[in-house]
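Take a look at the structure below.
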Protein chains: 2
Amino acid sequence: MVTIREIARIAKVSRGTVDKVLNNRPGVSDEVRERVSGIAKALGYKPNIIGKALANQKKAFLIGVIVPPDSNPYFEDIKRGVNAAYDEVKYCGIQIDYQVMRSLEPKEQLGIIEHLVDKGITALALNPINDDMIRDAIDEMTGGGIPVVTFTSDILRSRRLCFVGLDVVKSGRVAGELMGKLLQGKGKVAVVFGSRSILSHNQRIEGFTAVMRQDYPGIEILEMVENLDRDDVSFEVTLSLLERYPDLDGLCLMSAGIGGAGRAIKLAENGYGIKVVSFDFIPETVELVKEGIIDFTIGQNPFMQGYQPIKILSDYLLFDRVPQVDFYRISNEIKIKQNIDELYV
Amino acid sequence: MVTIREIARIAKVSRGTVDKVLNNRPGVSDEVRERVSGIAKALGYKPNIIGKALANQKKAFLIGVIVPPDSNPYFEDIKRGVNAAYDEVKYCGIQIDYQVMRSLEPKEQLGIIEHLVDKGITALALNPINDDMIRDAIDEMTGGGIPVVTFTSDILRSRRLCFVGLDVVKSGRVAGELMGKLLQGKGKVAVVFGSRSILSHNQRIEGFTAVMRQDYPGIEILEMVENLDRDDVSFEVTLSLLERYPDLDGLCLMSAGIGGAGRAIKLAENGYGIKVVSFDFIPETVELVKEGIIDFTIGQNPFMQGYQPIKILSDYLLFDRVPQVDFYRISNEIKIKQNIDELYV
DNA sequence: CTGAAAGCGCTTACAG
DNA sequence: CTGAAAGCGCTTACAG
């Protein structure tokens with residue numbers, strides 16, 4: 001392994017000077033800069049990350065994390081991922097400031113961002129509200145040397161370092177294929193989703209209906225109803241669907257409020273034989289899968305959605321590693337009764 | 001963070017002495033040993049892994065890896081996992097010696113183990129042949145300070161550090177449930193498996209039949225046939241099954257030789273509508289899933305089966321970290337046409 | 001048994 | 001602009 005000492009010896013300069021060249025720090029003449037970087041390249045120098053990490057311990061890195069209100073148990077797992085990553089990097093001098101929002105207001109999020117910048121964060125992991133205000137704030141931070149990684153949902157045309165999340169259209173497609181297989185290609189289905197005003201909900205619907213159209217023309221989508229991610233609304237609309245369509249064969253539950261839908265299915269006369277595909281691995285869903293009410297549930301590995309942004313930002317801060325991809329893809333996981341206990345292992 | 005320097009200062013001894021105490025090295029009086037370890041505990045000392053890693057760079061750690069003959073493309077992914085882990089730890093002075101067997105003979109494996117021990121390995125990741133000879137060798141290495149992690153298949157009652165693999169009975173159960181759902185609980189199925197003489201193949205069958213019996217009494221298992229993991233045999237037995245049972249509804253392919261089975265299904269008159277569940281994500285399988293011949297395939301994440309043993313052994317060697325569990329469980333992953341492209345992300 | 005010193009590879013504050 | 005020195009936390013060979 002080539003070291004800085006070795007390069008310094010060959011270039012006949014000090015190790016400090018080599019360090020400046022290799023890390024594009026000012027204070028070296030062009031002539032020396034060129035000579036040193038030539039030698040480094042010729043020898044195939046790779047920085048030793050352990051050495052870097054040890055020296056960096058004198059610095060203090062603070063990564064801010066901003067998540068939406070914790071009403072959604074989904075974010076429990078995201079937090080577990082953040083903590084797991086933190087455990088791996090805390091010895092390198094990295095600290096975390098974890099902020100939970102109280103609303104979904106862009107203004108509140110902007111306030112938290114400003115607060116964190118004042119506190120001196122050196123990087124930010126953000127589940128962004130889709131608003132120009134936030135996009136501008138991201139660009140300003142990036143411009144000011146504070147890298148931002150978005151997770152779970154992205155914000156388009158911003159200068160964030162990368163996005164960690166999943167291809168939501170594909171999630172919808174997976175749900176569509178599973179429903180098609182469950183119904184052996186024929187029957188009547190209904191969809192319960194969160195809200196038309198949320199981008200990802202529309203994308204799930206888009207993927208689901210596309211697969212139905214292309215691969216399962218024998219399946220008819222009777223209705224798609226909003227539940228606003230609320231448990232009580234979920235109960236009502238699901239029960240109503242089951243009552244209005246006595247011959248319903250399948251139900252795709254795309255949003256939160258799964259518990260309410262489950263109660264409706266258990267209550268309805270025609271609920272027993274109905275095929276159900278849902279999303280996420282929250283406790284209510286897991287329970288319904290175990291009971292046999294839900295046939296398949298498609299999870300998004302929220303753990304990794306918390307874990308990866310911290311690891312990516314740590315790599316950036318500690319080792320100047322820039323992520324290789326713009327979109328760090330989390331895969332869709334399919335769980336059934338027999339393997340629902342194997343979450344995140 | 002408490003450092004060795006801090007403890008040394010308080011205990012009024014040198015840093016070297018503190019190091020000896022904290023790492024149970026000889027050459028310290030009992031009195032000093034007790035005083036120092038008391039202070040360390042009182043201050044909540046945690047070793048800084050970066051410091052340890054840097055100092056350890058002077059040492060040379062060599063991890064041996066022994067895998068079966070590479071006839072099985074499955075082991076390509078295991079190797080990718082080994083390499084990925086190696087990339088993460090090579091800066092800590094860890095080297096890998098990767099050995100591929102030519103046979104499944106215990107004697108050959110024993111020879112390779114002895115060769116590696118002569119070469120001076122400090123740890124071993126082993127896919128063990130189930131034989132007393134190998135068990136004894138593992139125990140001898142462990143006794144001599146060389147930790148052994150088994151992966152993919154385990155060897156019972158040995159002193160290996162831990163096992164990385166999956167619950168094969170559960171894999172069979174997952175396959176059973178998927179088949180049950182595909183057939184809506186009624187129909188006739190057949191199973192093609194590798195060999196009765198291989199433990200894991202029997203375990204898959206056990207799980208599959210247990211779920212059929214318990215949850216899907218309306219499904220009849222007509223026959224279970226061996227293919228010896230061979231492509232040509234696979235073709236023959238699958239074709240024969242399809243010809244002898246014109247009303248066959250489902251086929252569970254439990255072993256290698258998937259390509260042959262796929263050709264038979266495409267060739268047979270009744271092959272088109274048949275429901276198929278298979279195992280692994282090898283290229284042939286992926287292709288058949290994309291074509292719609294295979295409905296579900298259950299993968300074992302071989303990447304992680306290669307990655308984890310190296311990480312576990314590195315942690316042990318570098319930081320004296322002992323694995324928290326005896327069985328490091330890899331989860332069963334279910335893939336279908338719409339998400340078969342999301343492997344290992 | 002104990003301590004002082006040098007070293008792992010990189011960074012930084014300071015002197016020239 | 002350049003270099004010498006000290007330091008990050010831990011380990012080790014050596015002197016006493």
Side-chain angles (χ1 to χ4, degrees), chain A residues 1-37 40 43-61 89-94 122 315 317-321, chain B residues 1-37 40 43-61 89-94 122 315 317-321:
Chain A
M1 285 282 158
V2 192
T3 65
I4 281 190
R5 171 173 263 128
E6 176 84 354
I7 295 174
R9 191 180 56 76
I10 295 176
K12 295 197 187 0
V13 296
S14 76
R15 293 186 279 160
T17 302
V18 175
D19 177 71
K20 283 177 196 159
V21 173
L22 294 174
N23 294 287
N24 297 312
R25 282 186 254 275
V28 185
S29 69
D30 286 355
E31 186 261 321
V32 171
R33 197 175 284 279
E34 230 161 90
R35 181 152 49 93
V36 169
S37 62
L43 296 180
Y45 172 78
K46 298 263 184 224
N48 182 308
I49 60 171
I50 306 286
K52 275 189 174 246
L54 195 62
N56 275 333
Q57 294 206 118
K58 277 178 278 190
K59 291 187 201 165
F61 296 114
V89 300
K90 65 185 172 193
Y91 293 107
C92 306
I94 287 189
T122 46
D315 269 5
L317 293 173
L318 297 171
F319 313 125
D320 300 318
R321 281 194 196 143
Chain B
M1 285 281 158
V2 191
T3 66
I4 281 189
R5 171 173 263 128
E6 176 83 355
I7 295 173
R9 191 179 58 76
I10 294 176
K12 295 196 191 358
V13 295
S14 76
R15 292 185 279 158
T17 302
V18 175
D19 177 71
K20 284 176 196 160
V21 173
L22 295 175
N23 294 287
N24 296 312
R25 284 186 251 275
V28 185
S29 68
D30 286 354
E31 186 262 321
V32 170
R33 196 176 286 278
E34 229 162 272
R35 182 153 47 95
V36 169
S37 61
L43 296 181
Y45 172 78
K46 299 263 184 224
N48 181 308
I49 59 173
I50 305 285
K52 275 189 173 245
L54 194 63
N56 276 332
Q57 294 206 117
K58 277 180 278 190
K59 290 189 200 161
F61 295 115
V89 300
K90 64 185 173 194
Y91 293 106
C92 307
I94 287 189
T122 46
D315 269 5
L317 293 173
L318 297 171
F319 313 125
D320 301 317
R321 282 195 194 142

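To find a chain, count down the sequence lines: A is the first, B the second, and so on, and within it residues start at 1.
Across every strand in view, dG3(C) sits in a pair with dC14(D) that passes the Watson-Crick or G-U test at under 3.5 angstrom.
Here the C1' atom of nucleotide dC10(C) and the CG atom of Asn48(B) are 15 Å apart, to the nearest Å. Atom CZ in Arg33(B) sits roughly 11 Å away from atom C1' in dC1(C) (whole-Å rounding). Between Asn56(A) atom CG and dG7(D) atom C1' the separation is 13 Å, expressed in whole Å. Distance, Asn23(A) CG to dG9(C) C1': 12 Å, rounded to whole Å. At whole-Å resolution of the value, CZ in Arg5(A) and C1' in dA5(D) are 12 Å apart. In this structure, Ile7(A) atom CD1 and dC10(C) atom P are separated by 8 Å, rounded to whole Å. The distance from atom NZ of Lys46(A) to atom P of dG9(C) is 17 Å, rounded to the nearest whole Å. In this structure, Glu34(A) places its CD atom 16 Å from C1' of dC1(D), rounding to the nearest Å.
Between dT12(C) and Lys59(A), a contact under 4.0 Å exists linking OP1 or OP2 to a side-chain N or O. Close to dT2(C), at under 4.0 Å from its OP1 or OP2, lies no side-chain N or O of Arg15(B). Here Thr3(A) does not reach the OP1 or OP2 of dC8(C): none of its side-chain N or O atoms lies under 4.0 Å away. Phosphate proximity of dC1(D) to Lys20(A): absent, as no side-chain N or O sits under 4.0 Å from OP1 or OP2.
Distances from the side chain of Ala55(B) to the nucleotides dC8(D), dA4(D), dC10(D) place dC10(D) closest. In the set dG9(D), dT2(D), dT2(C), the nucleotide with an atom closest to the side chain of Ser29(B) is dT2(C). Which of dC10(D), dA4(D), dC8(D) sits closest to the side chain of Pro47(B) comes down to dC10(D).
Heavy atoms of Val18(A) sit nowhere under 4.0 angstrom from any nucleic acid atom.
The residue among Leu54(B) and Thr17(B) whose nearest nucleotide of DNA chain C is located toward the 5' end is Thr17(B). Sequence order on DNA chain D of the closest nucleotides to Gly16(A) and Lys52(B) puts Gly16(A) first from the 5' end.
Within the model, atoms CG of Leu22(B) and NZ of Lys52(B) stand 8.0 Å from one another, a figure rounded to the nearest 0.5 Å. In this structure, the separation between CZ on Arg9(B) and CZ on Arg15(B) is 13.0 Å, given to the nearest 0.5 Å. Atom-to-atom distance recorded for Leu54(A):CG and Asn48(A):CG is 10.0 Å, nearest 0.5 angstrom. Taking OG1 of Thr17(A) as the start and CD1 of Ile7(A) as the end, the distance is 12.5 Å to the nearest 0.5 Å.
Take Lys59(A) and apply the side chain to side chain donor-acceptor pair (under 3.5 Å) test, not counting sequence neighbours, and it matches Asn56(A).
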